[in-house]
Amino acid sequence: MMMLSKSSFALISLSMAFSVAFGGSAGLTNPVHPGAAHRAIAQNELPTDWNVFETPEGAPGRRIGGGTRGNCPKSASGMIALVPENNLGLTLSDTPTFLFYVPKIEEASSGPIEMEFLLVDESDPENVQEIYQHRVPLPAGGGTIALTLPDDENLPPLQVNQLYSWYFSLICNPKASDPSILSLGGWIERVEPSPTLTQELEQLTSRDRIAVYEREILWFDAIGTLAQLLQDNPNDPILRPKWNALLESINLSEVAQAPFLNWEQEQTSNRDRP
């Protein structure tokens, strides 16, 4: 198993303290419903219950920052992961996109603040493996940050029907021997589409696919696709209401108007090699 950074080790230790032994996908299934895609992207009614899946009992999960500790400013507690309330989402992609809202945070008196994203394979509680790490300085100002897993030969695709945990952290005074860490956490699972669903998606534009992702309860695909379209077309009169409705469907309408921030491309990625 690879060597972990101090902050990574602290996060994984935290996850192990709350995780339970589970195999495979914890009973998750890919709901496939027949029917043509709903192409009316402007219609903002979202009947999807994003919390339909149950996470493993006792599994860690937090989508909204709690109380700060140590050297982290109080404003840091306002960070939010843009995920359903059960902290779990499905994807068809082997390189999904994760989105987070970070409020404007004053610099800690002890020094700078860094952001860190970790993806962890916890399928074997006795052999927890950090498979991806990305750490950069906290950007100026507040807003929504999107991180897409890279298409990298050192990061093999996510396995189908494998549950992975993720952590997004603010690390205050990162050069200290014991930095203060404020973390969010949740779960992602990649699922296999049916042949019918694959054929349906191949015939649709990115815009039209969003409605299908909603129907199939594929959270990370729905929000990742919509976020990319909105960043490419910030003044689109149809995409903005759709974005507002999507965040309202998971009770996060308060951050729908936040601007998108750039996450620097400098990164480190790790994956155990066979």
Side-chain angles (χ1 to χ4, degrees), residues 1-12 15-16 24-25 28 30 79 81-83 87-102 114-124 127-139 143-171 174 181 183-193 198 201-202 206 209 213 218-232 260-274:
M1 185 172 170
M2 69 188 65
M3 296 297 295
L4 305 180
S5 64
K6 291 182 179 179
S7 61
S8 304
F9 183 79
L11 291 175
I12 293 176
S15 73
M16 292 179 67
S25 60
L28 302 182
N30 181 25
M79 65 179 188
L82 304 190
V83 295
N87 303 295
L88 185 149
L90 304 183
T91 183
L92 299 177
S93 176
D94 55 1
T95 56
T97 297
F98 300 80
L99 289 109
F100 306 94
Y101 166 77
V102 178
E114 294 183 350
M115 303 183 302
E116 183 177 68
F117 176 82
L118 294 175
L119 188 64
V120 182
D121 180 354
E122 298 188 63
S123 56
D124 181 356
N127 186 30
V128 175
Q129 298 184 54
E130 173 192 320
I131 57 176
Y132 180 73
Q133 177 189 18
H134 180 116
R135 185 191 284 199
V136 294
L138 181 72
T144 297
I145 299 170
L147 179 143
T148 301
L149 293 184
D151 184 7
D152 188 333
E153 62 178 7
N154 294 320
L155 181 64
L158 299 186
Q159 298 298 305
V160 172
N161 298 328
Q162 171 64 57
L163 199 64
Y164 297 86
S165 59
W166 54 261
Y167 298 89
F168 176 75
S169 304
L170 295 182
I171 304 173
I181 302 174
S183 297
L184 306 175
W187 302 85
I188 185 171
E189 180 180 3
R190 182 186 176 197
V191 293
E192 187 77 34
T198 298
L201 290 171
E202 289 175 347
S206 295
R209 287 179 181 180
Y213 294 147
L218 297 164
W219 172 257
F220 285 98
D221 300 319
I223 194 171
T225 300
L226 183 53
Q228 184 61 62
L229 288 171
L230 192 56
Q231 290 179 81
D232 294 340
F260 286 94
L261 303 178
N262 291 326
W263 189 322
E264 297 177 9
Q265 294 304 308
E266 295 181 5
Q267 62 189 34
T268 58
S269 62
N270 299 304
R271 183 99 185 200
D272 279 354
R273 304 300 298 273

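These figures come from a predicted structure and were not determined experimentally. Count residues from 1 along the sequence.
Shortest non-hydrogen contact noted between Arg135 and Pro174 is NH1-CB, 4.1 Å. The minimum heavy-atom distance between Ile145 and Pro139, with the atom names listed, is CD1-CG, 4.1 Å. When every heavy atom of Thr95 is checked against every heavy atom of Pro150, the shortest pair comes out as CG2-O, 3.8 Å.
Glu114 has its side chain out of reach of Leu138: every pair of non-hydrogen atoms, C-beta onward, lies at least 4.5 Å apart. At a threshold of 4.5 Å between non-hydrogen side-chain atoms, the residues Tyr164 and Gln159 count as touching. A 4.5 Å side-chain heavy-atom check between Leu88 and Leu90 finds at least one atom pair inside the cut-off.
Residues satisfying the side-chain contact (heavy atoms from CB on, under 4.5 Å) criterion with Ala81, sequence neighbours excluded, are Arg63, Val83, Phe100, Trp166, Leu184. Scanning for side chain to side chain donor-acceptor pair (under 3.5 Å) contacts around Asp151 gives an empty result, with sequence neighbours left out. Annotation: ring-ring contact (aromatic ring centres under 6.0 Å, His included) contacts of Phe220 (sequence neighbours excluded): Phe98. Not counting sequence neighbours, the partners of Gln228 by the side chain to side chain donor-acceptor pair (under 3.5 Å) test are Asp232. Applying the side-chain contact (heavy atoms from CB on, under 4.5 Å) rule to Thr97 yields the partners Leu99, Ala146, Thr148; only residues at least two apart in sequence or on another chain are considered. Considering only residues two or more places apart in sequence or on other chains, Arg190 meets the side-chain contact (heavy atoms from CB on, under 4.5 Å) condition with Thr91, Asp94, Pro157, Leu158, Val160.
Atom-to-atom distance recorded for Glu192:CD and Leu92:CG is 8.5 Å, nearest 0.5 angstrom. Considering CG of Leu218 and CD of Glu189, their distance stands at 11.0 Å, rounded to 0.5 Å. Atom-to-atom distance recorded for Ser165:OG and Asp121:CG is 8.0 Å, nearest 0.5 angstrom. Atom CH2 in Trp187 sits 4.5 Å away from atom CD in Glu122 (nearest 0.5 Å). To the nearest 0.5 Å, atom CG of residue Leu230 and atom CZ of residue Phe260 are 5.0 Å apart. Taking OG1 of Thr225 as the start and CZ of Arg209 as the end, the distance is 8.0 Å to the nearest 0.5 Å.
Listed for the Tyr132 side chain is no donor-acceptor partner under 3.5 Å among the backbone atoms of Phe117.
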_Step-by-step side chain to side chain contact (heavy atoms under 4.5 Å, CB included) determination, Val102 to Leu261_ = CA-CA 9 Å; Val102 178; Leu261 303 178; 5.5 Å; no
*Please report the C-alpha distance between Leu119 and Ile188 in whole Å, then the side-chain angles of each, then the deciding distance to 0.1 Å, and finally whether the side chain to side chain contact (heavy atoms under 4.5 Å, CB included) criterion is met.*
CA-CA 9 Å; Leu119 188 64; Ile188 185 171; 4.3 Å; yes
